[in-house]
There are 2 protein chains.
Amino acid sequence: MADVATEAHVSVKTVSRVVNHEPGVRPDTAERVRAVIERLGFRRHDGARLMRQGRTFTIALVVEDLANPFYSQVSAAVEREARIRQHQLITASAEGSPSRERAVIEALVDRRVDGIVVVPADESASSDAVLEASHTPIVYMDRPVRGTPRDTILSDNHGGIRSAVEHLVAHGHRNIAFFGDDPAFWTARQRRDAFIATQQSLGLPASPRVSMGPHSPSSVNDALRQWASGPEPITAVITGNNRITLAALLALRELRLPLSLVGYDDFELAALIDPPVTVVHQDPAAMGQKAAQQLFARLLGDESQAQTVVMPTRLIVRASGVRRGSPIR
Amino acid sequence: MADVATEAHVSVKTVSRVVNHEPGVRPDTAERVRAVIERLGFRRHDGARLMRQGRTFTIALVVEDLANPFYSQVSAAVEREARIRQHQLITASAEGSPSRERAVIEALVDRRVDGIVVVPADESASSDAVLEASHTPIVYMDRPVRGTPRDTILSDNHGGIRSAVEHLVAHGHRNIAFFGDDPAFWTARQRRDAFIATQQSLGLPASPRVSMGPHSPSSVNDALRQWASGPEPITAVITGNNRITLAALLALRELRLPLSLVGYDDFELAALIDPPVTVVHQDPAAMGQKAAQQLFARLLGDESQAQTVVMPTRLIVRASGVRRGSPIR
DNA sequence: CGGTGGTCAGACAACGCTGTCATGCCCGCA
DNA sequence: TGCGGGCATGACAGCGTTGTCTGACCACCG
């Protein structure tokens with residue numbers, strides 16, 4: 001900028017004015033400056049500019065695994081909201097480790113990102129002090145966190161599971177198994193509890209068949225084999241997330257068991273499996289969008305009390321939820 | 001930092017030394033400073049630090065659509081490489097628009113990201129001048145770009161298509177259709193040309209059935225219906241990317257056509273479709289990793305000539321490629 | 001006891017920009 | 001002619017750090 005100023009015989013401030021389209025520059029002066037800028041290939045250093053202004057026009061998204069379709073849809077939605085507001089998005093993956101998440105969040109705070117959307121790895125809010133001290137707005141997604149109240153976007157896990165159970169019951173099932181993720185995850189516990197509660201409220205047999213993860217295809221396999229034989233064999237399965245649905249599909253196919261299935265999380269090819277898989281759809285894009293919008297509201301000065309938004313789920317009925325006579329292929 | 005210095009009765013420079021673990025500070029002084037830092041909750045402003053040092057420890061990834069599994073896997077891989085090198089990753093989506101891509105890249109250059117990985121929207125290298133002037137290293141992925149030679153990571157489109165055709169021919173197919181993406185895409189043209197060339201070299205009938213996109217399920221539907229009847233009906237289909245594979249699967253199911261299929265791009269549930277879908281697997285994670293590694297090599301001062309790396313593809317044989325008697329369900 | 005060298009610490013400028021305030025000029029009006 | 005006011009421009013400081021250089025102090029040596 002100093003070089004441009006020298007060449008154009010003006011002060012740096014005038015160059016700054018031209019670059020920022022500030023008023024108060026005579027047209028011919030501006031033109032001269034622009035010509036020099038063009039000739040020298042000058043580009044404003046946003047880092048310096050933003051440092052002066054105290055904002056970075058950058059927000060961050062912290063998730064577990066960017067390759068997981070759930071998070072990649074979230075990421076795309078958040079990036080979109082950021083882009084239309086002229087912000088950049090930094091994505092970081094904590095790989096499910098609370099300590100890494102803490103380190104990642106602190107690094108982002110040190111960079112003075114304007115705000116952060118986090119899918120928290122656990123409920124401990126380990127970065128709370130840092131966030132509080134730095135006044136960095138944060139929005140939690142998918143899972144709540146203890147400690148200082150923060151904006152939180154959740155999915156209606158209870159409603160989702162209930163709709164799944166009710167759907168199966170409506171098709172004559174009474175012995176249903178539930179495969180949940182690692183109970184260390186809040187969502188996994190929510191869905192498990194919702195399953196048990198719904199079973200009770202519908203007057204289904206007690207001693208629910210519930211198996212919590214972490215699950216591998218073989219662990220699902222073992223449990224299925226056991227529960228599908230013996231007294232009161234199960235006739236249907238509910239899986240607690242997309243990965244477990246996949247494991248269950250593989251297991252059902254391998255065991256050639258004619259069980260019905262409702263999965264949690266929609267997936268791209270659910271309609272192409274035979275039979276097409278009935279799923280509880282939570283809308284990751286909508287959740288990401290909502291989270292980003294809430295974050296930007298805070299950035300724009302919204303000082304209202306932290307709020308928790310529960311996004312509805314939707315049961316997408318395909319064929320796998322009805323009573324079946326032949327095995328999943 | 002000034003506050004800390006005052007409180008600890010030292011100069012800012014000494015605080016800086018402590019924060020950066022520089023030598024030359026007496027242990028008791030350092031301890032005193034650390035105590036004040038802790039008490040005041042001081043955190044170094046990385047923006048200022050990085051501005052002083054001229055590096056941002058940030059790289060960027062520009063893709064078409066973060067929600068597309070191909071790109072989300074790339075993104076996860078690049079982020080991983082960045083993280084293990086203490087860099088942050090900014091992801092941006094150009095939504096397939098060359099002009100938006102240009103704007104995005106220029107914004108990133110203005111932020112002085114240390115380097116950029118781009119899946120270019122077209123071959124025009126419209127940001128070449130800016131990149132050249134700013135000396136920002138760039139690595140192109142998946143598609144090459146004209147102009148200044150740059151590091152480029154490609155996938156072996158020709159080999160991939162050849163393996164698909166050969167596989168089908170080995171199973172007795174002679175009339176094969178090819179559905180490619182919009183020929184505006186370099187990869188789409190590559191795969192189409194490879195298809196035609198391979199057909200010729202294997203001595204298959206001329207007048208190849210080739211339909212280029214952009215494709216919708218219904219456009220695939222129409223073409224399939226036509227080619228599957230009449231003289232010399234096709235018995236197999238090759239699809240040029242994951243989206244088209246999906247469209248073709250839907251169409252084949254709807255039309256109840258007993259055609260064989262080989263798709264380009266693996267997808268998570270390819271093994272669960274009936275029949276399981278044979279695919280040409282290109283490894284997006286490996287490509288992303290390779291691109292990031294190449295970028296970091298440049299950041300570390302590698303001045304060697306720009307190179308183009310072609311990553312191998314692998315045919316994953318499932319059941320959909322053999323000769324079929326019954327329709328895809 | 002003066003000189004030498006090492007250790008610890010601070011002053012200052014600079015990174016590249018922008019906000020604030022000051023300055024100079026010209027115009028129009030009384 | 002003198003003066004107020006608007007317009008175009010510039011000087012300067014400061015955003016929060018770090019690199020460089022200088023200086024105070026002490027120990028040790030001949």
Side-chain angles (χ1 to χ4, degrees), chain A residues 1-34 36-37 40-58 106-114 130 133-136, chain B residues 1-37 40-58 86 106-114 130 133-136:
Chain A
M1 199 175 248
D3 293 349
V4 174
T6 309
E7 289 278 313
H9 304 291
V10 294
S11 70
V12 285
K13 180 64 206 189
T14 295
V15 179
S16 170
R17 286 197 181 94
V18 172
V19 169
N20 295 300
H21 307 105
E22 281 176 35
V25 180
R26 230 184 322 139
D28 58 329
T29 312
E31 195 39 59
R32 199 170 72 239
V33 172
R34 269 191 292 271
V36 177
I37 286 176
L40 300 184
F42 165 80
R43 307 220 110 224
R44 182 178 59 195
H45 188 308
D46 272 341
R49 165 192 172 77
L50 297 173
M51 162 166 168
R52 187 68 236 263
Q53 311 199 135
R55 299 227 3 223
T56 55
F57 281 83
T58 305
E106 294 191 355
L108 293 166
V109 168
D110 288 349
R111 294 221 164 182
R112 304 298 192 268
V113 295
D114 293 336
V130 170
S134 66
H135 301 115
T136 309
Chain B
M1 199 174 247
D3 293 349
V4 174
T6 308
E7 288 278 313
H9 304 289
V10 295
S11 71
V12 286
K13 180 64 208 189
T14 297
V15 179
S16 170
R17 285 197 181 94
V18 172
V19 169
N20 295 301
H21 307 105
E22 281 175 35
V25 181
R26 228 180 325 136
D28 57 330
T29 311
E31 195 40 58
R32 199 169 72 240
V33 172
R34 268 192 293 272
V36 177
I37 287 176
L40 267 44
F42 165 79
R43 309 218 109 227
R44 182 178 59 195
H45 189 310
D46 273 340
R49 166 190 170 80
L50 298 173
M51 160 166 169
R52 187 68 236 262
Q53 308 198 139
R55 296 215 18 211
T56 56
F57 281 83
T58 306
Q86 321 264 41
E106 294 190 354
L108 293 166
V109 168
D110 288 349
R111 293 224 164 181
R112 305 299 194 266
V113 295
D114 294 336
V130 170
S134 65
H135 302 115
T136 308

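All heavy atoms count here, side chains included; hydrogens, waters and symmetry mates do not. Each chain gets a letter, A, B and so on, in the order the sequences are listed, and its residues count up from 1. No experiment lies behind these values; they were computed from the predicted model shown.
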Using the side-chain contact (heavy atoms from CB on, under 4.5 Å) rule, take B/Phe42 and B/Val19 through it: C-alpha gap first, then chi angles, then the decisive distance, then the call. CA-CA 10 Å; B/Phe42 165 79; B/Val19 169; 3.9 Å; yes
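- Put simply, A/Ser11 has no side-chain N or O that comes within less than 4.0 Å of OP1 or OP2 on D/dA11.
- Side chain of B/Arg32 to main chain of B/Ala8: a donor-acceptor pair is present (N/O by atom type, distance under 3.5 Å, no hydrogens or angles).
- B/Asp46 comes within contact range of no nucleotide atom at all, as no heavy-atom separation falls under 4.0 Å.
- For DNA chain C, the residues of residues 50-57 of chain B within the heavy-atom distance limit of 4.0 Å (strictly under) are B/Met51, B/Arg52, sorted by number.
- Rounded to the nearest 0.5 angstrom, A/Met1 CE and A/His45 NE2 are separated by 11.5 Å.
- OP1 or OP2 of C/dT18 has at least one side-chain nitrogen or oxygen of A/Arg49 nearer than 4.0 Å.
- Summarising the geometry, the separation between CE on A/Met1 and C1' on C/dA14 is reported as 17 Å, rounded to the nearest angstrom.
- Whole-Å rounding puts the B/His45 NE2 to D/dT18 C1' distance at 14 Å.
- One N or O donor and one acceptor, one from the side chain of B/Arg17 and one from the base of C/dG10, sit under 3.5 Å apart.
- For the pair A/Arg26 and D/dC7, the criterion of a side-chain N or O lying under 4.0 Å from OP1 or OP2 is not met.
- The side-chain heavy atoms of A/Val4 and A/Glu7, taken from C-beta on, include no pair separated by under 4.5 Å.
- One can place CG of A/Asp110 at 12 Å from P of D/dT18, the figure rounded to the nearest angstrom.
- In this structure, the separation between CZ on A/Arg44 and CZ on B/Arg111 is 10.5 Å, given to the nearest 0.5 Å.
- In this structure, the CZ atom of A/Arg111 is 14 Å from the P atom of D/dT17, given to the nearest Å.
- With C/dT18, D/dG19, D/dT17 as the choices, the nucleotide that has an atom nearest any side-chain atom of A/Asn20 turns out to be C/dT18.
- At C/dA9, none of the side-chain N or O atoms of B/Thr14 fall inside 4.0 Å of OP1 or OP2 (strictly under the cut-off).
- Remark: A/Thr29 is in phosphate contact with D/dT9, judged by side-chain N or O atoms under 4.0 Å from OP1 or OP2.
- The side chain of B/Ala48 sits closest to D/dT17 out of D/dT18, C/dC17, D/dT17.
- One N or O on the side chain of A/Thr6 and one on the backbone of A/Ala2 form a donor-acceptor pair closer than 3.5 Å.
- Computed from coordinates, the A/Glu31 CD to D/dT9 P distance equals 13 Å when rounded to whole Å.
- Atoms CG and CZ, from A/Asp46 and A/Arg52 in turn, are 15.5 Å apart once rounded to the nearest 0.5 Å.
- Atoms CD (B/Glu22) and P (D/dG19) sit 6 Å apart, rounded to a whole Å.
- Nucleotides of DNA chain C nearest to B/Arg112 and B/Val25 differ in position, and the one nearer the 5' end is that of B/Val25.
- Atom CG in A/Asp28 sits about 16 Å away from atom P in D/dC7, given to the nearest Å.
- Going from atom OG1 of A/Thr58 over to atom CG of A/Leu50 covers 7.0 Å, rounded to the nearest 0.5 Å.
- Rounded to an integer number of Å, the gap from A/Asp3 CG to C/dC17 C1' is 14 Å.
- Looking at heavy-atom distances under 4.0 Å, A/Val10 makes contact with sugar-phosphate atoms alone, never a base.
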